[in-house]
Amino acid sequence: MTRKVERAYIPATVRRDLWVAAAGRCEFRGCCKSVDRDFLTMAKCNVGEYAHIIADSPAGPRGVPGESERLAADPSNLMLACFECHARIDRDGRSNEFTAEQLRAMKREHEARIQLIYSASGVVESTPLIMSFPVGTHVPVVEVRDIQYAMLTNSNFKLFPTSTAIHIDQSNFHLQDNDTDFWPNAQRALTQQYEQRVLPALTTRGGATHLTIAAFAPIPMLMKLGALIGDKTPAAILDLPGEKWLWDTRDGCPEPQYAYNVPVSLPCEVSVVVSISGKVQLPVGRVVVEFEAVVPGRGIIRKGAHLQQFRTSFNAFLQQLFAAGVRVVHIYPATPLSASIEIGRMLLPKMFEEVHVWEWQAPDWKQALRLK
């Protein structure tokens, strides 16, 4: 049967069911914009559109005679889309780059994620806290949307990002970490941002009660961030074992093991070497105590469980240091992003009088900053 009208009519019940299945968000992979508000003014309105996977006309994108008419109002053949993504799906007519199977896969993935959110129990709202500083000549780019996606995926939809993220973006900081003025200036900038943006969010009535932290910066700055946050505020820490802050989901992912040997008695002031992502060159001038991964390597912490295991082991190590009489600690780290933040969170509640962090700048260690 040939369709007589210019555009196929989509019944209200089909449109309603599609909105529910898509949770009012664009189903095109990588977009997920909310289509119940103006993207610029944020005013509440309906900007959603109904994109056909197989066009409602045989002459349209992916159109098939007979199938186009049969599926014109079928919810399985429709995607909720924003204006831009609807244009992507239909651009160039029958020469459009996206196949019907690709679009069906996007629809399935999106609606499966939404169903997981609908059915999840014990969901916690978490405020994304993002920090970036240049590392050498590398200028990091951390996308808020990548962090939001990682929060949902890593937690199996148990952590839900709040509508507002805190982004301490110092990626274009005017100094590099090999400049002697970098550390005092960077520490001052981070502390100011924390006091002006993070602390109010944590202390305001009805404010953030859980954080998800993703940070790319020199190791001492990661530890400084962790020290500012402390371990009283519940937080999930992300890392980059692969792409876009997603944990490794493979069953056979190797579990890291740690080793250390703390003497019964130590001097008041010691050097603490932390060899996790690589083997640290031992500093000279003080007694050295080492905490190390049995097999150090980049990307060694690949799962949330790995990070919790590190916290447990490193916390026991710190307790033994304190029991041995250590009160002043100099840290020489080779640590992943997440472990660096966690070290900062764990150190301050301990009874150490001073905590100094050093950075390796070949051919020697340079004192970076003081956490306490």
Side-chain angles (χ1 to χ4, degrees), residues 3-65 67-118 128 130 141-153 157 160-165 167 169 244:
R3 187 165 41 81
K4 303 291 186 182
V5 294
E6 187 174 326
R7 298 290 299 173
Y9 172 70
I10 301 173
T13 54
V14 172
R15 285 180 272 136
R16 178 203 63 202
D17 291 348
L18 185 57
W19 267 79
V20 171
R25 291 181 174 271
C26 177
E27 297 192 275
F28 193 87
R29 184 181 289 139
C31 182
C32 205
K33 284 180 185 173
S34 180
V35 293
D36 64 348
R37 68 198 67 179
D38 185 283
F39 302 142
L40 183 60
T41 67
M42 302 306 290
K44 297 291 285 185
C45 60
N46 179 2
V47 294
E49 300 189 359
Y50 306 99
H52 286 84
I53 295 174
I54 291 178
D56 59 351
S57 165
R62 298 164 299 278
V64 179
E67 287 294 280
S68 289
E69 292 81 3
R70 184 177 70 84
L71 297 173
D74 190 320
S76 69
N77 188 51
L78 292 165
M79 296 174 66
L80 186 63
C82 66
F83 173 80
E84 291 90 344
C85 290
H86 194 176
R88 290 187 182 96
I89 291 170
D90 286 354
R91 185 181 298 133
D92 300 327
R94 294 188 61 81
S95 300
N96 184 269
E97 61 182 298
F98 299 105
T99 67
E101 190 48 50
Q102 286 175 320
L103 296 175
R104 289 190 191 103
M106 293 184 194
K107 178 180 172 69
R108 283 195 304 270
E109 291 168 9
H110 179 91
E111 293 179 7
R113 285 197 301 270
I114 297 304
Q115 188 56 43
L116 278 172
I117 294 172
Y118 284 156
I130 303 162
V141 177
V142 183
E143 297 287 351
V144 174
R145 286 172 58 190
D146 289 342
I147 304 308
Q148 293 168 333
Y149 178 73
M151 290 172 65
L152 292 167
T153 304
F157 298 88
F160 201 84
T162 55
S163 57
T164 302
H167 194 175
D169 186 2
K244 296 190 175 181

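Being a predicted model, the structure only gives us computed values, none of them experimental.
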Query raised in the report: So do the side chains of P128 and I147 get within less than 4.5 Å of each other, counting heavy atoms only?
Result: yes

**Report entry** Expected output: side-chain N77 to main-chain L71 donor-acceptor under 3.5 Å
**Finding:** yes

Requested in this report: State whether the side chain of R91 and the backbone N or O of E97 hold a donor-acceptor pair below 3.5 Å, judged by distance alone.
Outcome: no

Query raised in the report: So, do E67 and D74 sit near enough that their side-chain heavy atoms are less than 4.5 Å apart?
Result: no

Query raised in the report: Hey, mind stepping through K244 and Y149 against side chain to side chain contact (heavy atoms under 4.5 Å, CB included) and telling me if it holds?
Result: CA-CA 9 Å; K244 296 190 175 181; Y149 178 73; 5.9 Å; no

Requested in this report: Mind checking the CZ-SG spacing from R88 to C82? Nearest 0.5 Å is all I need.
Outcome: 6.5 Å

Report task. Find the distance between CD (E111) and CD (Q115) and round it off to the nearest 0.5 Å. Result -> 9.5 Å

Query raised in the report: Taking all non-hydrogen atoms of both residues, which atom of E49 and which atom of F83 are closest, and how far apart?
Result: OE2-CD1, 3.4 Å

Report task. For residues Y9 and A73, report the shortest heavy-atom separation together with the two atoms involved. Result -> O-CB, 3.6 Å

Query raised in the report: Does any non-hydrogen side-chain atom of E109 lie less than 4.5 Å from one of R113?
Result: yes

Query - E143 side, atom CD; H167 side, atom NE2 - distance, nearest 0.5 Å - result: 8.5 Å

Query - Distance (rounded to the nearest 0.5 Å) between C85 SG and L103 CG - result: 10.5 Å

Query raised in the report: Tell me, do R62 and D90 make a side-chain contact under 4.5 Å, heavy atoms counted?
Result: yes

Query raised in the report: So, are R108 and E101 salt-bridged, with charged N and O less than 4.0 Å apart?
Result: yes

Requested in this report: Check whether any side-chain N or O of N96 sits under 3.5 Å from a backbone N or O of I89 as a donor-acceptor pair, and report yes or no.
Outcome: yes

Query raised in the report: Between M79 and H110, is a side chain to side chain contact (heavy atoms under 4.5 Å, CB included) present by the stated rule, with each step listed?
Result: CA-CA 10 Å; M79 296 174 66; H110 179 91; over 6 Å; no

Query raised in the report: Do the non-hydrogen side-chain atoms of L18 and K107 ever get within less than 4.5 Å of each other?
Result: yes

Requested in this report: Check the pair W19 / L80 against side chain to side chain contact (heavy atoms under 4.5 Å, CB included), numbers first and verdict last.
Outcome: CA-CA 7 Å; W19 267 79; L80 186 63; 3.6 Å; yes

Query raised in the report: Which atom names give the shortest non-hydrogen contact between D56 and A72, and what distance separates them?
Result: CB-CB, 3.9 Å

Report task. Could you check if a side-chain atom of L152 sits within less than 4.5 angstrom of a side-chain atom of P161, using non-hydrogen atoms only? Result -> yes

Report summary line: When every non-hydrogen atom of D38 is compared with those of C45, the smallest separation belongs to N-SG, 3.5 Å

Report summary line: Closest non-hydrogen atoms of E69 and P65, given as atom of the first, atom of the second and distance, are OE1-C, 4.0 Å

Query raised in the report: Side chains of H52 and L78: does their closest heavy-atom pair fall under 4.5 Å?
Result: yes

Requested in this report: First locate atom CZ of R104, then atom CZ of F98, and finally report the distance between them rounded to the nearest 0.5 Å.
Outcome: 15.5 Å

Requested in this report: Please test R37 against V47 for side chain to side chain contact (heavy atoms under 4.5 Å, CB included), starting from the C-alpha separation and ending with a verdict.
Outcome: CA-CA 7 Å; R37 68 198 67 179; V47 294; over 6 Å; no

**Report entry** Euclidean distance, Q148 CD relative to F160 CZ, rounded to 0.5 Å
**Finding:** 9.0 Å

Report task. Please report the closest heavy-atom contact between A51 and A81, naming both atoms and the distance. Result -> CB-CB, 4.3 Å

